[in-house]
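Contents: one structure, followed by commentary.
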Amino acid sequence: MSLREAALTALFARLNATLAARNPAPVIRRNETVPQRLPQGGLVVLRDGESVSETPILSPLAFAIEHRAEIEVLAADNALLDALLVAIAAAITTDPMLGGAVEWAQPGSADIEDVEFEGAASARAASLPVALFFTATGSPLA
C-alpha cells in the first residue's frame with residue numbers, strides 16, 4: 001500500500017469511527033457517486049483528491065508531499081451540516097497524525113452551496129478540503 005493510500009485509508013477510518021456515534025449516523029462513503037435520496041443523518045463522501053506539491057529533500061533523498069483530499073458533506077438542513085462539519089474538523093484536529101499515517105492533517109475552510117435532492121425541500125452541501133502531509137523516501141509515488 002502506498003503512503004498516499006495509507007493516509008486516505010486512515011482518514012476514512014477516522015471519519016467512520018467519529019461519525020458512527022452520531023444519531024442518526026450519516027452514510028459515509030469513499031469515491032462514490034451521490035445517491036438520489038439524501039439519508040436522514042446526512043451523507044459524507046471522501047474524495048481522494050490530488051497531490052499538490054512534491055518537494056525534494058536531499059540527504060537522504062526523500063520527498064515532502066502535500067496531498068489534498070476533499071470531503072463532501074450533504075445534509076437536509078443547516079444545523080445538521082454545521083454539526084457534521086464541526087465533528088469532522090474535531091476528528092481531524094484531535095489526532096492530526098491520523099494514528100501515524102501522516103505527519104500532519106489539516107482541514108481547510110468549507111465551501112457551502114444549496115443542492116436539490118429527491119424528497120427534500122432543500123439541502124445543503126459543503127466541500128471541505130483536507131491537506132495531508134507526509135514524507136516518502138525514494139520515489140514520490142511510494
Step by step, work out the side-chain contact (heavy atoms from CB on, under 4.5 Å) result for Gln40 and Leu80.
-> CA-CA 10 Å; Gln40 183 180 7; Leu80 179 58; over 6 Å; no

Side-chain contact test, heavy atoms from C-beta onward, threshold under 4.5 Å: evaluate it for Val44 versus Val27 and give yes or no.
-> no

Exam field: side chain Asn31 to backbone Asp48, donor-acceptor pair closer than 3.5 Å | yes

Side-chain heavy-atom pair Arg14, Thr94 within 4.5 angstrom cut-off = yes

Do the side chain of His67 and the main chain of Phe134 share a donor and acceptor less than 3.5 angstrom apart?
-> no

Any side-chain heavy atom of Thr18 within less than 4.5 Å of one from Ile88?
-> no

pair Leu43-Val45: side-chain heavy atoms closer than 4.5 Å | yes

With sequence neighbours left out, what residues match Asp95 under side chain to side chain donor-acceptor pair (under 3.5 Å)?
-> none

Is the closest side-chain heavy-atom distance between Ile112 and Arg124 below 4.5 Å?
-> yes

Check: Arg47 main-chain N/O paired with Glu72 side-chain donor or acceptor under 3.5 Å = no

Please round to the nearest 0.5 Å and tell me the distance separating atom CZ of Arg29 and atom CG of Asn16.
-> 9.0 Å

Take atom CD in Glu5; do more than 12 heavy atoms of anything else shown fall under 6.0 Å from it?
-> yes

Between Arg30 and Phe12, is there a donor-acceptor pair closer than 3.5 Å when you use the side chain of the first and the backbone of the second?
-> no

Could you verify whether a donor N or O on one side chain and an acceptor N or O on the other, from Ser127 and Glu70, lie under 3.5 Å apart?
-> yes

Under the side-chain contact (heavy atoms from CB on, under 4.5 Å) rule, what do Leu85 and Leu81 come out as? Steps first, then yes or no, please.
-> CA-CA 6 Å; Leu85 289 171; Leu81 180 69; 4.1 Å; yes

Under the side chain to side chain donor-acceptor pair (under 3.5 Å) test, residues paired with Arg68 that sit two or more places apart = Glu66

Compare all side-chain heavy atoms of Ile71 with those of Leu15 and state whether any distance is below 4.5 angstrom.
-> yes

Using a 4.5 Å cut-off on heavy atoms from C-beta on, say whether the side chain of Thr93 contacts that of Pro107.
-> yes

Is there a side-chain contact between Thr55 and Ile65, using heavy atoms and a 4.5 Å cut-off?
-> no

